[in-house]
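In what follows, a structure is listed as structure tokens, so that the remarks can point back to it.
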Protein chains: 2
Amino acid sequence: MLPKLFHDLPANALKNINFQKSETIFRQYDETCGLYFVISGKVSLKRHSPNGDEIIIHNAGKNETFAEAALFSKEYHCDATAIETTQLVLINKAAVLAQMASNPIFAMNLSAQFARQIQIYRRRLEIQAIQSADERVYAAIGDGMLQGNIIKELAAHIGLSHEATYRSLANLVKRNKLTKFARGKYIIK
Amino acid sequence: MLPKLFHDLPANALKNINFQKSETIFRQYDETCGLYFVISGKVSLKRHSPNGDEIIIHNAGKNETFAEAALFSKEYHCDATAIETTQLVLINKAAVLAQMASNPIFAMNLSAQFARQIQIYRRRLEIQAIQSADERVYAAIGDGMLQGNIIKELAAHIGLSHEATYRSLANLVKRNKLTKFARGKYIIK
DNA sequence: GACCAAATATGATTTCAATCATATGTATAT
DNA sequence: ATATACATATGATTGAAATCATATTTGGTC
């Protein structure tokens, strides 16, 4: 779901684009044209260090934006590549900047959107820092991080192996901390 | 170092405040008055879940801002408490919002600041997800995350025990991937 | 220079998640 | 109804970080 604030932009500021697996979206040093929203699929954002190592910046998945910093920079800071078949919305930089300049409410909504994202990432860092798989899974479920009903995706999202995640879920149910009400569906007790 | 953009605010929009260890800075549901910058010390941001568990949102340390989302909300979303003696700058919400409304450049700079923070947190998530302590330490050093010269702080920052961190540093030096040029000082080869 | 607290270093042991291996269940397409 | 790909589940083993225990070094203060 594209964040509501972007609907305030002119219609031609939003452009759907499809990418095949392994296709390049943009490269580091390309001139920036906008930020992106992921409708479906997954995008890998990477950079190369001076000594040639590959630095993973982020993998952006469904319902996430990426390349926000591109709004404020002439060049993209990294390479973006589709990990799988991917559908994106390109949100035009010039349109965003123009809207920010002319509509203070839009500018404020954009800052608010970014501030919310900061909050989300901070919490994710805390969760990922939890050593115990059981406690990490419990925290993630509590935070609503199980979005669909695929446990394997939750596992990847919180940095656990899928096996450890299944086990933790089973333990938590056994310990009466969670209820499993359907396949891939749990609630906190 | 307070981000430059906040210097564009009127002087009375910035207020230094000191807190003793364990002192409350704000509580969840308090009316928001602004965001904060940490000059020194550490602040714990926590919330309580419906069933009484304590949820750690973030620990904010030196040179970080926190409570950014307060700019866009009537109430604080969590409790903030000083973990140790702490010196903060309170950045006045009304002044920030007024400046955003009247100065599009300021609004843009604030969004840019937040976008940079998003980038930093995303990268930190990736680093923290690296299983191998050696590779995690290497990535963190490469990203300039060793800010002072206290390895123990780096360890806490990247989610490793201090022992594992010292060991990894020693391994990386032995493997010729890092050079130690002083106590607590390393560079990538 | 002496003292002290904290950081760093290192050895040994424990813990538990990752990994490997296999089996079962399930949603989807035909 | 059947076939298939993928998710889920579970047992066994491995590996490496956490933890525990000590020792040494170092920076700051007096």
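Proteins come first, then strands; the chains are lettered A, B, ... in the order of their sequence lines, and each starts at number 1.
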TODO: Assign Gly159(A) to base, sugar-phosphate, or nothing according to its heavy-atom contacts below 4.0 angstrom with the strands shown.
DONE: sugar-phosphate
TODO: Return yes if the base of dC16(C) and the side-chain atoms of Gln131(A) contain a donor-acceptor N/O pair under 3.5 Å, otherwise no.
DONE: no
Task: Lys152(B) side-chain proximity, nearest of dA21(C), dA17(C), dT8(C) - done: dT8(C)
Open item on the list: So for atom CD, which belongs to Glu31(A), do other residues, nucleotides or ligands contribute more than 12 heavy atoms lying within a distance under 6.0 Å?
Closed with: no
Open item on the list: Measure NE2/His162(A) against P/dA21(C) and give the value in whole Å, please.
Closed with: 13 Å
Task: Interatomic distance, Gln128(B) CD vs dA17(D) C1' [rounded to whole Å] - done: 14 Å
Task: 5′-ward residue of the pair Tyr186(B)/Ala164(A) relative to DNA chain C - done: Tyr186(B)
- [ ] From the options dT8(C), dG11(D), dA21(D), select the nucleotide whose nearest atom is closest to the side chain of Glu163(B).
- [x] dA21(D)
Task: Length of the CZ-C1' vector between Arg167(B) and dG11(C), whole Å - done: 7 Å
Open item on the list: For Gln147(B) and His157(B), which I'm curious about, is there any donor-acceptor pair between the side chains at under 3.5 Å?
Closed with: no
Task: Distance below 4.0 Å between Lys180(A) side-chain N/O and dA9(D) OP1 or OP2 - done: yes
Open item on the list: Can you identify which nucleotide, out of dA18(D), dT10(C), dA17(D), has its nearest atom closest to the Ser161(B) side chain?
Closed with: dA18(D)
TODO: Indicate whether OP1 or OP2 belonging to dT8(C) is found under 4.0 Å from a side-chain N or O atom of Tyr166(B).
DONE: yes
Open item on the list: Using whole Å, what does the distance between atom C1' of nucleotide dA17(C) and atom CD1 of Ile158(A) come to?
Closed with: 12 Å
Task: Residue mapping more 5' on DNA chain D - nearest nucleotide basis, Leu160(B) or Asn149(B) - done: Leu160(B)
Task: Euclidean distance, atom NZ of residue Lys185(B) to atom P of dT25(D) [Å, nearest integer] - done: 22 Å
TODO: For a side chain to side chain contact (heavy atoms under 4.5 Å, CB included) with Leu178(B), tell me which candidate from Ile187(B), Asn171(B), Leu172(B) qualifies.
DONE: Leu172(B)
Task: Candidate nucleotides dT19(C), dA7(D), dA17(C), ranked by approach to the side chain of Ile150(A) - the nearest - done: dA7(D)
Task: Length of the line joining Leu154(B):CG and dA9(C):P, which is rounded to integer Å - done: 12 Å
Open item on the list: From the set dT8(C), dC20(D), dA17(C), return the single nucleotide nearest to any side-chain atom of Ile151(B).
Closed with: dT8(C)
- [ ] Give the rounded distance in Å between these two atoms: CG of Asp134(B) and P of dG15(D).
- [x] 16 Å
- [ ] Could you tell me whether Lys15(B) atom NZ has more than 12 heavy atoms of other residues or ligands within 6.0 Å of it?
- [x] no
TODO: Take the angle between the ring planes of Phe26(B) and Phe66(B) and call it parallel below 30°, perpendicular above 60°, tilted in between.
DONE: tilted
- [ ] Write down the distance between CD (Glu153(A)) and P (dA7(D)), rounded to a whole number of angstrom.
- [x] 7 Å
